Amino acid sequence: MSRRLWVFLALAGTALLVSGAAVAGKRYVVGQKYRTFTQAEITIQPGETVVFRNDDDVTHNVFSRTPGNSFNLKTQKPGAQTPVTFYNEGTAEVRCAIHPRMKLLVRIKR
Ligand SMILES: [Cu+2]
C-alpha cells in the first residue's frame, strides 16, 4: 500500500476512535472522480451516513433538494470529504451544482 493510503487509514482510524461511540449508523463513501459520482446509486438505511469525497482535481458542489433529505455541501475542494446522514426513507436525488450531469440516487429504506 502507498504511504498516502496508510496516512489516510491512520487518520480514518483515529477519527473512528474519537467519534466511535457517537456514530450510530454505518458510513459509506461515495467519491467524485472525473466529474462523476463513483457509483450511480447506493442503498442505505435511515440514520446511515454517506461521506462525499472529492477525488477530483476540480471543485464540486454536491446537494439534494429531495424533501426530507435535502442538503447542500456548498463548495467542496479537491480532497475534501463531508459526511451526510440521511434520516428519512425515500430516494434522494443528489446532484452537483457545477456539473449538471452528475447524478447519484441514495435509496434510504429499512
Ligand atoms: Cu461537480
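Hydrogens, waters and symmetry mates are skipped; everything else that's a heavy atom, side chains included, is used. In listed order, ligands and their atoms are each counted from 1. Bear in mind that the values here come from a model prediction, so they are computed numbers and not experimental data.
Residues satisfying the side-chain contact (heavy atoms from CB on, under 4.5 Å) criterion with Arg101, sequence neighbours excluded, are Arg35.
Of all protein N/O/S atoms, those lying under 2.8 Å from the Cu ion (ligand 1) come to 3.
Side-chain contact check for Thr49 and Thr85: at least one donor-acceptor pair (N or O, by modelled atom type) lies under 3.5 Å.
In this structure, Thr82 and Gln76 have side chains that are in contact, with non-hydrogen atoms separated by less than 4.5 Å.
Under the 3.5 Å distance criterion, the side-chain polar atoms of Ser64 are left unmatched by any main-chain donor or acceptor of Val94. Checking side-chain atoms of Asn88 against main-chain N and O of Gly68 turns up a donor-acceptor pair under 3.5 Å.
Residue-environment remark: NZ (Lys77) stays at or below the threshold of 12 foreign heavy atoms within 6.0 Å.
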